[in-house]
Amino acid sequence: MLVQFTSPKNEYLAPKNKMKFTAQQIADALGGKVEGDPLVEVSNLSKIDEALPGTLSFLANPKYAHFIYETPASIVIVNDDFIADHPIKTTLVRVKNAYVSFAELLELYKQNKGKRSGISSRAYIAPSAKIGQNVYIGEFVSIGENTSIGDNCQIYPNTSIGYDCKIGIETILYSGVKIYDDCQIGDWCTMHSGVVIGSDGFGFAPQESSDFRKVPQLGNVIIEDQVEIGSNTTIDRATLGSTIIRKGAKIDNQIQIAHNVEIGENTVIAAQTGISGSTKIGRNCMIGGQVGIVGHITIADKVMIAAQSGVGKSILVEGEVVEGSPAFGIREFQRSYVHFRRLDQLVKRVNQLERK
Amino acid sequence: MLVQFTSPKNEYLAPKNKMKFTAQQIADALGGKVEGDPLVEVSNLSKIDEALPGTLSFLANPKYAHFIYETPASIVIVNDDFIADHPIKTTLVRVKNAYVSFAELLELYKQNKGKRSGISSRAYIAPSAKIGQNVYIGEFVSIGENTSIGDNCQIYPNTSIGYDCKIGIETILYSGVKIYDDCQIGDWCTMHSGVVIGSDGFGFAPQESSDFRKVPQLGNVIIEDQVEIGSNTTIDRATLGSTIIRKGAKIDNQIQIAHNVEIGENTVIAAQTGISGSTKIGRNCMIGGQVGIVGHITIADKVMIAAQSGVGKSILVEGEVVEGSPAFGIREFQRSYVHFRRLDQLVKRVNQLERK
Amino acid sequence: MLVQFTSPKNEYLAPKNKMKFTAQQIADALGGKVEGDPLVEVSNLSKIDEALPGTLSFLANPKYAHFIYETPASIVIVNDDFIADHPIKTTLVRVKNAYVSFAELLELYKQNKGKRSGISSRAYIAPSAKIGQNVYIGEFVSIGENTSIGDNCQIYPNTSIGYDCKIGIETILYSGVKIYDDCQIGDWCTMHSGVVIGSDGFGFAPQESSDFRKVPQLGNVIIEDQVEIGSNTTIDRATLGSTIIRKGAKIDNQIQIAHNVEIGENTVIAAQTGISGSTKIGRNCMIGGQVGIVGHITIADKVMIAAQSGVGKSILVEGEVVEGSPAFGIREFQRSYVHFRRLDQLVKRVNQLERK
């Protein structure tokens, strides 16, 4: 098992996996060096703060460094440049990047668990749809006319895909994903449960009668390759043209992306952030959780936006880091906020000055 | 096509539509006036900032006015009162309201695309349910006992509707909408994918044992006519009585509306806003994205609330505009925020005064 | 009926229920005392601010106390210690806790409505799944290999449950719930529509090439007994080990709980809050709506966090109450915010001092 959860109900358990390797075998597999007993064996993975004997763990986040001196884990993967402050009892495997190496091991584990395959007789595939080789299509999946599904895709139960869509190869759609007509998803993508792709943009023209006329949304959504989208995230179709998520973008759960937005390559967005219509986000940006970004602006490459910030105008300088609602430079925000916390004292000081 | 997306993968394309009209024909259809070549033809629609030759575009947002002098679009629809600063090469069609006129053209396009029809043999319709004329009911739709569906409704795959519900005429429920028992939806409504109508309100009575007793939620949700609700929005049923969304309200994606809330006619709410239990919102309000509103308060008609604001008490003055968390007058907020940004300077000035 | 909604369309109605009891019968059932006419009869429940003659209402929230002097409700349940300021015409039933007593009556009502039962022939149950006694499994439900469902569970249409899951007894999963492989849900739980349990945590290791490598998420989600989870809430599986929701926790709609988070017993979280990876929340905490909490921190028992706050570091003192983004002591925050609102005046006063 991974980490046994010591619940009052002992039938509660984390999922089980099996392996048995020595420290030397692991070091060889990862191109690392053993420090300690090369023959010690592990049969499981664990987190360093919840490890048990017989497990392999890793240390990447310096916040967790103090755990290494007392961990019962039999082997810990660390970065090449890790320097111990105290004696260490466990066996270390030193690698270039402990987090990446651990991810590789997790990947091996994951592959051992096997992949679903076959097309359920309870799925509905429209006659004109084209289905690739070696796909999994689960129960109650519905695939519309003229839609194509690439090789090795996995489509979990209760997912529905509209007409005229195109899904690339090796893409996974988990249960209950909804894809509207005309949308396109690239290769090696993952959409988690409840994701909605291609719902109408929020466009209503005010009328003289003080009600609204819906502006039809005729565009689509294009998701390039290697994009991962978290559960219950919604991406609206463009009014005209396309809402675009570029290659390698990573989008967390419950994010709202409005019509005609474009998200640049390898940009990472944390949960519950919302991006309003027609805004263009650059490459390699990092956007925190619960951020709001207004419509019709541009965010340069490598910009970082702190959680809960509200971005009200374009950020044109590459690599800028902002915070606040409305957002401005993170250092300036944090300095102002320190004073905000003590505003009471400042007011008292002004009172006193006035009395003099 | 609308706007061709010039991707490294050129099979990525926005959806295709066809038309062929002269500027004069368009002006006649919209009741407008041609300025330029009345015989120039277009075969597609485009956004003014991404237009191609042979397309029709529009200019409504003044932010985009500079595009009109260089746009390759063959025809641009503009407001009657638009005044050019520079010479314009493209043909203009002047109308009363360019945005509304463009919406009309989009509507014509949309209608050309056709509407789905027929009842799938893979849907489940309870024996006592009543289904209107000319409806579309997709695969794996489930419709419960005593529920009625009006004429011309479209219910997309994997949607489920409970017992004793009533859906009006001409209403669209996209894939994966979930409607609980007893809820009512009016005519000409649109619910996007993943919308949840009628889940239990969040009501728990604290017990002496420090745990909670659930308060059963026996009311329902009533959605009046011409309401549009965005994807993954959730609207809880009332504890008693009804949670009500009045006629013409427009509700964006991922909005949370708690039990016993009432939203007034033609009120517009942007994405990710949350409204707590028993709050009443007036008519024609405009509420920005990621706003939070506490429970048991009243918001007057035509109130505007800036994005990310937190409203902690009733707003009783019609047309008031607020910002901040907690929110107050938008001008006062913005003035205070300007000072907040420079708080460091103010503190330095007080330091200096004290030194004297 | 509960409260008749006086809509322009009078076919809009709240759901109907029937009962007929005297004040004395109700007092006896609840262990309370009648004050007024013990023989007055009611046939329905209502909210005190929307009551009609012949209905039973309750008063718990002091905000609503003024309604009691003019309510047409025939009987009102109040707390033992309620003291009237003016004469009251309605009959009172005094009980220890009016809200809890009213909840009990609602519960009786709810039970009268009946419970669904039977397994639909349109559901898919994998051959190795184990299904308990007396369950309801609706249309287009999909239950994966080796999953077990406890006695008396109710699983509404279009829900999908993965492989190797365990659902306890008496648990309700409403339409369109999605549960990934390996997850465990306790007894007497309720998951509302669109809930996603067990999607991948948001873990990506940055690569030298400036793109990201996905960190496989091999853990699971464990939800203990008596937990209620609101519609469209998402709970990610752990990277290793388990994301855990402890017994009795109440989690509202559209909440995001990241991988390896732990929520303590009887903690209550309001809508649209997000909790980042590996954070541990104590018991009996109360967390407002739209709160954001960073990853890898600890929140002590009984902590209260005001709506829209952003918590950036551990809160180690039991019962602390915080507000702000970033959050600090609620009194200090509110004092600072009062000054923030008047920052303009303070600046003017400093201007004046400088002029002297």
Can you tell which of [options] has the highest number of heavy-atom pairs within less than 4.5 Å of chain B?
{"options": "C:Ile251, C:Asp252, C:Asn61, C:Val268", "value": "C:Asp252"}
{"options": "C:Ile269, C:Asp49, C:Leu346", "value": "C:Ile269"}
{"options": "C:Tyr99, C:Phe340, C:Tyr156", "value": "C:Phe340"}
{"options": "C:Ser193, C:Gly194, C:Gly176, C:Gly138", "value": "C:Ser193"}

Between chain C and each of [options], count heavy-atom pairs under 4.5 Å; write down the option with the most.
{"options": "B:Gln207, B:Gln308, B:Arg213, B:Lys247", "answer": "B:Arg213"}
{"options": "B:Val294, B:Asn260, B:Val195, B:Val221", "answer": "B:Asn260"}
{"options": "B:Ser336, B:Gly292, B:Ala205", "answer": "B:Ser336"}
{"options": "B:Thr233, B:Asp236, B:Asp164", "answer": "B:Asp236"}
{"options": "B:Arg349, B:Arg122, B:Gln352, B:Lys356", "answer": "B:Arg349"}

Can you check side chain to side chain contact (heavy atoms under 4.5 Å, CB included) on B:Ile245 and B:Ile222, steps first, answer last?
-> CA-CA 6 Å; B:Ile245 313 295; B:Ile222 292 172; over 6 Å; no
Heavy-atom distance under 4.5 Å to chain C: side chain of [X], backbone, both or neither?
{"X": "B:Val177", "value": "neither"}
{"X": "B:Thr273", "value": "backbone"}
{"X": "B:Ala123", "value": "backbone"}
{"X": "B:Tyr180", "value": "side chain"}
{"X": "B:Thr159", "value": "backbone"}
{"X": "B:Gln345", "value": "neither"}
{"X": "B:Ile161", "value": "neither"}
{"X": "B:Val141", "value": "backbone"}
{"X": "B:Asp181", "value": "side chain"}
{"X": "B:Arg342", "value": "neither"}
{"X": "B:Ile179", "value": "neither"}

Need one label for [X]: side chain, backbone, both or neither, based on atoms under 4.5 Å from any heavy atom in chain B.
{"X": "C:Glu139", "result": "side chain"}
{"X": "C:Arg116", "result": "side chain"}
{"X": "C:Lys96", "result": "side chain"}
{"X": "C:Asn284", "result": "side chain"}

Side-chain H-bond candidate by donor/acceptor type, [X] with [Y], under 3.5 Å:
{"X": "C:Gln272", "Y": "C:Gln290", "value": "yes"}
{"X": "C:Asn253", "Y": "B:Gln256", "value": "yes"}
{"X": "C:Thr55", "Y": "C:Ser46", "value": "yes"}
{"X": "B:Glu323", "Y": "B:Ser309", "value": "no"}

Hey, can you tell me if B:Phe333 and B:Tyr337 have their rings parallel, tilted or perpendicular (30° and 60° cut-offs)?
-> parallel
Could you give me the CA-CA distance, side-chain angles and deciding distance for C:Ile77 and C:Leu59, then say whether side chain to side chain contact (heavy atoms under 4.5 Å, CB included) is met?
-> CA-CA 6 Å; C:Ile77 298 174; C:Leu59 172 64; over 6 Å; no
Any donor and acceptor pair, going by atom type alone, linking the side chain of [X] with main-chain N or O of [Y] inside 3.5 Å?
{"X": "B:Asp225", "Y": "B:Trp188", "value": "no"}
{"X": "B:Ser199", "Y": "B:Arg237", "value": "no"}
{"X": "B:Thr239", "Y": "B:Gly219", "value": "no"}

Would you indicate whether the side-chain heavy atoms of C:Leu105 and C:Leu30 approach each other to under 4.5 Å?
-> yes
Does the side chain of C:Thr71 reach to within under 4.5 Å of the side chain of C:Val76, using non-hydrogen atoms?
-> yes
Apply the test salt bridge (Lys or Arg N to Asp or Glu O under 4.0 Å) to residues C:Lys250 and C:Glu228: give CA-CA distance (whole Å), side-chain angles for both, the deciding distance (0.1 Å), then the verdict.
-> CA-CA 5 Å; C:Lys250 307 298 177 194; C:Glu228 178 145 351; 5.5 Å; no
Verify the neighbour count for atom NZ of B:Lys214: are there more than 12 heavy atoms of other residues, nucleotides or ligands below 6.0 Å?
-> yes
